[in-house]
Amino acid sequence: VILKAEGRALEIGKKPTYFRLRDAESNPELVLHKHLGNLAIYELPQADREYVIGADVGKGRGRDNTVLTVLDRLDGTAAREVAHFASNLLTEIQTAHICVMLARLYNNAFITPEVTGVGQAFVNEITQVIQYSNVFLNRQFTTAGGKGITNTNYGYDTSSAARKDLLVSEVKQALMDGTLEVHTMDTFHELRMFQFVNPEDPKSQMEARQGEKDDRVISLSLANLGRLARFGAPPIRNYKPTGSESTPAPAKPSYDDVV
């Protein structure tokens with residue numbers, strides 16, 4: 001299988017130089033073949049475009065999905081989904097290599113990973129083993145020891161309710177404004193199932209309805225957060241609209257349709 005984009009080709013079947021799995025039981029040359037059906041590409045990468053990948057990483061035990069959502073950042077005020085990957089059978093280490101493969105295909109995309117749970121191992125593989133550095137940096141100010149210190153770490157931590165609420169509120173607003181265009185129908189389904197556990201309780205959090213999943217919602221939310229300059233996204237350099245892109249069309253269906 002060969003993916004071609006802007007005169008470049010990525011041949012799946014020949015081991016890329018950066019595709020180095022520590023898992024000796026996996027054959028790096030077969031991993032992409034085996035899971036290629038989990039990858040949906042809506043638009044191939046275009047030159048001079050800025051892309052971002054939201055990565056919500058599961059444990060690969062057949063339950064929660066690992067989801068990678070790729071967005072075209074367009075002019076910086078809107079974004080459009082261009083690719084989507086989901087699997088519940090890959091380890092965090094395998095996922096890291098597939099994520100970097102997608103990132104390099106999409107013009108060295110900016111990766112925004114969740115670091116809660118196995119996400120930390122995923123980030124370590126990307127930044128320390130593969131040495132891919134275009135990754136979201138989280139800066140947190142603390143007063144430990146009586147001194148003001150700014151801690152800088154890769155990835156976005158959703159372990160606190162406030163940080164998860166921020167993540168979800170940003171993607172909710174983008175969908176309501178029509179500045180985020182989504183194409184994956186499974187993502188729309190998860191958005192429909194993503195709601196307040198107890199609407200009467202002001203402290204209630206939004207999460208998946210019982211028996212449903214929210215991995216695609218979190219992945220989309222991470223990608224959305226990673227496209228926004230105020231959260232540290234790289235600047236848009238050479239955006240050139242094509243066709244009707246000078247005024248991005250509202251996402252359809254809208255947030256009101258799916259929630």
Side-chain angles (χ1 to χ4, degrees), residues 1 3 31-44 51-72 78-92 94-96 98-99 101-103 105-106 109 111-114 116-119 122 156 158 164 167-176 178-197 205-227 249-259:
V1 177
L3 303 179
V31 171
L32 293 180
H33 271 301
K34 184 177 179 180
H35 298 280
L36 191 62
N38 299 78
L39 174 63
I41 294 182
Y42 305 111
E43 292 182 22
L44 289 171
Y51 296 94
V52 60
I53 300 177
D56 182 32
V57 183
K59 296 179 180 179
R61 297 177 181 174
R63 299 182 64 182
D64 290 343
N65 283 315
T66 286
V67 182
L68 307 174
T69 301
V70 188
L71 301 180
D72 183 342
R80 179 172 59 242
E81 184 182 19
V82 295
H84 181 91
F85 178 87
S87 172
N88 61 5
L89 298 175
L90 292 174
T91 68
E92 61 274 17
Q94 293 171 322
T95 303
I98 290 179
C99 184
M101 178 206 74
L102 278 176
L105 179 65
Y106 280 91
I111 301 174
T112 308
E114 181 182 16
T116 309
V118 296
F122 170 84
Y156 190 86
T158 60
K164 189 170 184 178
L167 191 71
V168 172
S169 65
E170 288 291 339
V171 78
K172 175 182 176 181
Q173 191 63 47
L175 290 166
M176 291 176 66
T179 57
L180 180 59
E181 187 176 332
V182 181
H183 295 296
T184 303
M185 294 310 298
D186 285 337
T187 300
F188 284 122
H189 173 77
E190 289 193 10
L191 284 166
R192 291 188 184 98
M193 300 297 107
F194 198 73
Q195 53 196 233
F196 286 104
V197 178
Q205 285 187 274
M206 292 190 75
E207 57 185 54
R209 185 185 299 177
Q210 186 174 3
E212 298 288 344
K213 296 180 179 180
D214 63 2
D215 313 294
R216 289 177 171 87
V217 175
I218 299 303
S219 174
L220 178 66
S221 301
L222 289 163
N224 178 70
L225 194 76
R227 75 179 176 91
K252 294 181 181 180
S254 69
Y255 185 82
D256 292 333
D257 295 325
V258 299
V259 176

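What you see is a predicted model; the values in this text were computed from it and never measured. Note that the numbering runs from 1 along the sequence shown for the chain.
- Pairing each heavy atom of Phe122 with each of Pro113, the nearest pair is CE2-CB, 3.6 Å.
- Two residues are said to be in side-chain contact when any heavy atoms from C-beta on lie closer than 4.5 Å; Lys172 and Leu175 fail this criterion.
- Taking each heavy atom of Phe85 and Ile98 in turn, the nearest pair found is CZ-CD1, 4.2 Å.
- Considering only residues two or more places apart in sequence or on other chains, Thr112 meets the side-chain contact (heavy atoms from CB on, under 4.5 Å) condition with Val52, Phe110, Phe136, Leu222.
- Scanning for side-chain contact (heavy atoms from CB on, under 4.5 Å) contacts around Ala86 gives Val67, His84, Arg216, with sequence neighbours left out.
- The closest donor-acceptor contact from the side chain of Ser221 to the backbone of Val171 lies at 3.5 Å or more, if one exists at all.
- Here the shortest heavy-atom pairing between Tyr106 and Ile41 reads OH-CG2, 3.4 Å.
- Taking both residues in full, the closest heavy atoms of Glu81 and His183 are given as OE1-N, 2.7 Å, listed atom of the first, atom of the second, then distance.
- In this structure a side-chain-to-backbone donor-acceptor pair under 3.5 Å is missing from Thr184 to Asp186.
- Between the CG atom in Leu90 and the OG1 atom in Thr95 there is a gap of 4.5 Å [rounded to 0.5 Å].
- Side chain of Asn65 to main chain of Asp215: no donor-acceptor pair is present (N/O by atom type, distance under 3.5 Å, no hydrogens or angles).
- The only option from Thr66, Asp56, Thr69 that meets the side chain to side chain donor-acceptor pair (under 3.5 Å) definition with Ser219 turns out to be Thr69.
- In this view, Val118 and Val57, Lys59, Glu92 satisfy the side-chain contact (heavy atoms from CB on, under 4.5 Å) rule, not counting sequence neighbours.
- Checking side-chain atoms of Glu114 against main-chain N and O of Ile218 turns up no donor-acceptor pair under 3.5 Å.
- Side chains of Leu180 and Leu71 form a contact here, defined as non-hydrogen atoms less than 4.5 Å apart.
- Counting heavy atoms from C-beta outward, Thr187 and Val182 have side chains that approach closer than 4.5 Å.
- Although no hydrogens or angles enter the test, the distance criterion places no donor-acceptor pair under 3.5 Å between the side chain of Glu170 and the main chain of Leu225.
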### Task
Give the C-alpha distance, both sets of side-chain angles, the deciding distance and a yes or no for side chain to side chain contact (heavy atoms under 4.5 Å, CB included) between Asn38 and Leu89.
CA-CA 11 Å; Asn38 299 78; Leu89 298 175; over 6 Å; no

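- Considering only heavy atoms from C-beta on, Tyr42 stays 4.5 Å or farther from Val70 through its side chain.
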